[in-house]
Amino acid sequence: MTPTPQGRVLIVAGSDSGGGAGIQADIKTVTALGGYAMTAITALTAQNTHGVEAIHEVPPEFIQHQMRLVLDDIGADCIKLGMLHSAAVIEAVAETLDNHAAGIPVVADPVMVAKGGAALLQGDAVQALRHHIVPRASILTPNTHEAAALAGMEVTTRDQAAHAARALATLGPEAILLTGGHLEADDAVIDLFLHGENTLDVFQHPRIDTPHTHGTGCTLASAVATGIAQGLDMRAAVIRARHYVYEAIKAAPGLGGGHGPLGHGHTVAPFN
């Protein structure tokens, strides 16, 4: 008998036609961890492991319509925000959160650039993201490049990453998980988790030498959201999510000639 999914996660993000990131990675992650995934698609992308070739925008009003119908009927235990490509979309999503999702935890992944280098956030939308989304986040999950753009500072070392995390925390989110895959460290990936009363946890794992890391940020944020939706405290949700992503990178199927997808079918126990 198939277990009943536990933990409703509404994902507000873009679609990746190659299946490695975006909505597709989010759904796979939530499902693998035993949750129930729902979606409000913000944009369609034409892409593969070599990069993004085109983006088709979804009107902000239709994004709101998707969110409202899901929230008013099924409800959500956590909301995960991914690619919000324009100021108009950001403002529309923030308005819907206020009017239809009060009290629901929000995991915000400030997606700005695809793995292949394509811009997924319009240049004039960074300030909108800072003003409308960052303060509403229960946890913000930027990589070093995104943290640098949001905090307005260089982030290449662990000390700079810690400084950026503290600067972002002043904008209002309850916690920051700053992923350090691009930090200056030869043999380890270092992530910083700022939470509680300015508590900074430093997590690290060995760096895996592989090109197949497309969608790691989306996957991590959705894994955190699933844990929160299932009742884990934030730190436990982060720890399980990092473990899931690490194992998924190791299980990558090796598809495509560029940055390939993770092995999302790898599972970890939903509540440990």
Side-chain angles (χ1 to χ4, degrees), residues 1-17 19 21-45 57-85 88-111 132-133 135-141 173-175 215 217-234 236-238 240-241 244 264-265 267-271:
M1 182 175 178
T2 303
T4 301
Q6 298 185 56
R8 302 163 297 171
V9 181
L10 171 58
I11 305 149
V12 185
S15 168
D16 172 3
S17 58
I23 287 285
Q24 287 80 356
D26 298 326
I27 294 173
K28 294 172 189 176
T29 299
V30 174
T31 303
L33 292 173
Y36 181 75
M38 304 161 286
T39 64
I41 298 176
T42 61
L44 308 178
T45 68
E57 300 181 4
V58 174
E61 297 80 8
F62 190 73
I63 298 170
Q64 289 182 309
H65 198 178
Q66 295 175 81
M67 293 177 67
R68 285 197 306 268
L69 288 179
V70 169
L71 290 167
D72 291 348
D73 177 32
I74 302 171
D77 301 301
C78 190
I79 297 172
K80 185 261 181 164
L81 306 180
M83 177 185 175
L84 308 176
H85 52 280
V89 167
I90 289 167
E91 291 168 8
V93 168
E95 179 184 14
T96 308
L97 292 177
D98 288 346
N99 294 335
H100 296 269
I104 300 175
V106 173
V107 176
D109 180 21
V111 176
H132 294 290
I133 297 301
R136 289 173 168 82
S138 304
I139 179 169
L140 185 71
T141 64
E174 296 175 28
C218 302
T219 300
L220 179 66
S222 285
V224 171
T226 307
I228 293 171
Q230 292 170 334
L232 296 181
D233 65 55
M234 197 174 292
V238 166
R240 189 186 71 171
Y244 173 75
H264 289 98
T267 59
V268 296
F271 295 100

| field | Beyond-backbone contact of E57 with V89, side-chain heavy atoms, under 4.5 angstrom | value | no

| field | Straight-line distance of S15 OG to M83 CE, nearest 0.5 Å | value | 10.0 Å

| query | Under 4.5 Å between any side-chain heavy atoms of I133 and P110, yes or no? | reply | no

| In chain order, what residues pass the side chain to side chain contact (heavy atoms under 4.5 Å, CB included) check against H65, with sequence neighbours excluded? | R68, L69

| Steps toward side chain to side chain contact (heavy atoms under 4.5 Å, CB included) verdict (M67, T96) | CA-CA 7 Å; M67 293 177 67; T96 308; 3.8 Å; yes

| If every non-hydrogen atom of K80 is compared with every non-hydrogen atom of V9, which pair is closest and at what distance? | CB-CG1, 4.3 Å

| request: Specify the closest pair of heavy atoms between I11 and A37, including all atoms of both residues, with the distance to one decimal. | output: CD1-CB, 3.9 Å

| Least distance between heavy atoms, Q64 atom then A92 atom | NE2-O, 3.1 Å

| Minimal non-hydrogen separation, A76 against L71, with atom names | CB-CD2, 3.9 Å

| query | Which distance, rounded to the nearest 0.5 Å, do you find between the CG of D109 and the OG1 of T141? | reply | 3.5 Å

| query | What is the minimum heavy-atom distance between C218 and D26, and which atoms define it? | reply | O-OD1, 3.3 Å

| note | The side chain to side chain contact (heavy atoms under 4.5 Å, CB included) partner of C78 among V107, V224, T226, L10 is V107

| query | Do side-chain atoms of R136 reach the backbone of V106 as a donor and acceptor pair under 3.5 angstrom? | reply | no

| Just how far is it from atom CG of L97 to atom CD1 of I104, taken to the nearest 0.5 Å? | 8.5 Å

| task | Would you give the length of the straight line joining atom CD1 of I74 to atom CE of M38, rounded to the nearest 0.5 angstrom? | result | 6.0 Å

| field | pair V58-T42: side-chain heavy atoms closer than 4.5 Å | value | no

| Is Q230 reaching over with its side chain to a backbone N or O of L33, donor-acceptor style, under 3.5 angstrom? | yes

| remark: Sorted by chain and residue number, the side chain to side chain donor-acceptor pair (under 3.5 Å) partners of D233 (sequence neighbours excluded) come out as none

| query | Are any non-hydrogen side-chain atoms of I139 and I228 less than 4.5 angstrom apart? | reply | yes

| What distance do D98 atom CG and H132 atom NE2 have between them, rounded to the nearest 0.5 Å? | 10.0 Å

| query | Is there a side chain to side chain contact (heavy atoms under 4.5 Å, CB included) between Y244 and T219 once you walk through the steps? | reply | CA-CA 9 Å; Y244 173 75; T219 300; 3.5 Å; yes

| query | So which heavy atom on D16 is nearest to which on A21, and how close? | reply | OD2-N, 2.7 Å

